[in-house]
Amino acid sequence: MRGNSYIEIDEKRQKELLEFIESSKRKERERKRAMAILLNSQKKSVKEIASMLNRNTDTVYDWLIKFKKGGIQELIDKPMPGRPKKL
């Protein structure tokens with residue numbers, strides 16, 4: 001996936017991603033992942049996206065790969081194992 005390969009999304013999927021980003025319940029991490037997908041579909045490079053979202057390029061590549069494999073569901077945080085924090 002390295003290089004300048006872009007994700008092509010249709011209007012329906014773009015609308016789903018925008019709704020996902022605007023959802024008040026979504027965590028900031030999840031919104032950034034969806035924003036990365038949208039920016040990539042608009043022909044922004046991974047390096048540009050990483051700079052805009054203050055993330056590493058490898059992280060952005062991982063998000064793009066996960067989205068290609070499983071769609072929006074792959075952008076959602078998985079439950080964290082272990083005891084919850086006290087504070």
Side-chain angles (χ1 to χ4, degrees):
M1 166 127 207
R2 304 283 185 206
N4 287 334
S5 63
Y6 302 106
I7 293 176
E8 293 185 26
I9 56 175
D10 58 9
E11 285 185 40
K12 180 183 175 193
R13 187 150 243 178
Q14 185 176 5
K15 188 175 179 180
E16 289 173 358
L17 282 167
L18 287 170
E19 288 172 2
F20 185 88
I21 292 167
E22 293 170 0
S23 173
S24 61
K25 295 183 215 174
R26 296 285 165 214
K27 298 174 188 157
E28 185 65 24
R29 294 185 308 262
E30 293 175 349
R31 287 193 290 255
K32 282 188 178 187
R33 293 175 196 145
M35 183 60 71
I37 305 304
L38 281 175
L39 290 170
N40 182 264
S41 72
Q42 297 169 358
K43 310 290 189 242
K44 299 285 186 196
S45 72
V46 170
K47 191 173 182 178
E48 288 176 301
I49 296 168
S51 177
M52 287 178 197
L53 300 177
N54 198 24
R55 293 287 181 245
N56 187 300
T57 55
D58 290 336
T59 303
V60 175
Y61 277 117
D62 289 343
W63 295 343
L64 297 173
I65 290 167
K66 286 181 179 183
F67 180 77
K68 280 186 173 183
K69 287 183 181 178
I72 293 176
Q73 291 302 315
E74 288 296 316
L75 303 178
I76 298 172
D77 283 339
K78 306 294 184 268
M80 296 286 188
R83 185 177 181 171
K85 293 180 182 180
K86 286 186 176 183
L87 295 176

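The model shown is predicted, which means the values in this text are computed figures rather than measured ones. All heavy atoms count here, side chains included; hydrogens, waters and symmetry mates do not.
- When all heavy atoms of Leu64 and Ala36 are compared, the pair lying nearest together is CD2-O, 4.3 Å.
- Side-chain contact between Leu39 and Glu48 is absent, with no heavy atoms from C-beta onward closer than 4.5 Å.
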Listing, residues 75-87 side-chain donor-acceptor contacts under 3.5 Å, not counting sequence neighbours, or none:
unit_1, atom_1, unit_2, atom_2, d
Asp77, OD1, Arg33, NH1, 2.6
Asp77, OD1, Arg33, NH2, 2.8
Asp77, OD2, Arg29, NE, 3.3
Asp77, OD2, Arg29, NH2, 2.6
Lys78, NZ, Ile76, O, 3.4

Check your understanding: Which is it for Trp63 and Leu53 under the side-chain contact (heavy atoms from CB on, under 4.5 Å) test, yes or no, and what are the steps along the way?
Key -> CA-CA 12 Å; Trp63 295 343; Leu53 300 177; 4.1 Å; yes
Check your understanding: Do Lys44 and Met52 pass the side-chain contact (heavy atoms from CB on, under 4.5 Å) test, and can you show the C-alpha distance, the side-chain angles, and the key distance before you say yes or no?
Key -> CA-CA 10 Å; Lys44 299 285 186 196; Met52 287 178 197; 4.0 Å; yes
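- Counting only distance, with no hydrogens or angles, the side chain of Gln73 and the backbone of Gly70 share no donor-acceptor pair below 3.5 Å.
- Atom CD1 of residue Ile9 and atom NZ of residue Lys15 lie 13.5 Å apart, to the nearest 0.5 angstrom.
- The number of heavy atoms from other shown groups lying within 6.0 Å of NZ (Lys12) does not exceed 12.
- The shortest heavy-atom contact between Ile49 and Asn40 is CD1-N, 3.5 Å.
- In this view, Glu28 and Arg31 satisfy the salt bridge (charged side-chain N to carboxylate O under 4.0 Å, His left out) rule, not counting sequence neighbours.
- Residues Ala34 and Phe20 approach most closely at CB-CD2, 3.5 Å, considering heavy atoms.
- Atom CG of residue Asp62 and atom CD of residue Glu74 lie 11.5 Å apart, to the nearest 0.5 angstrom.
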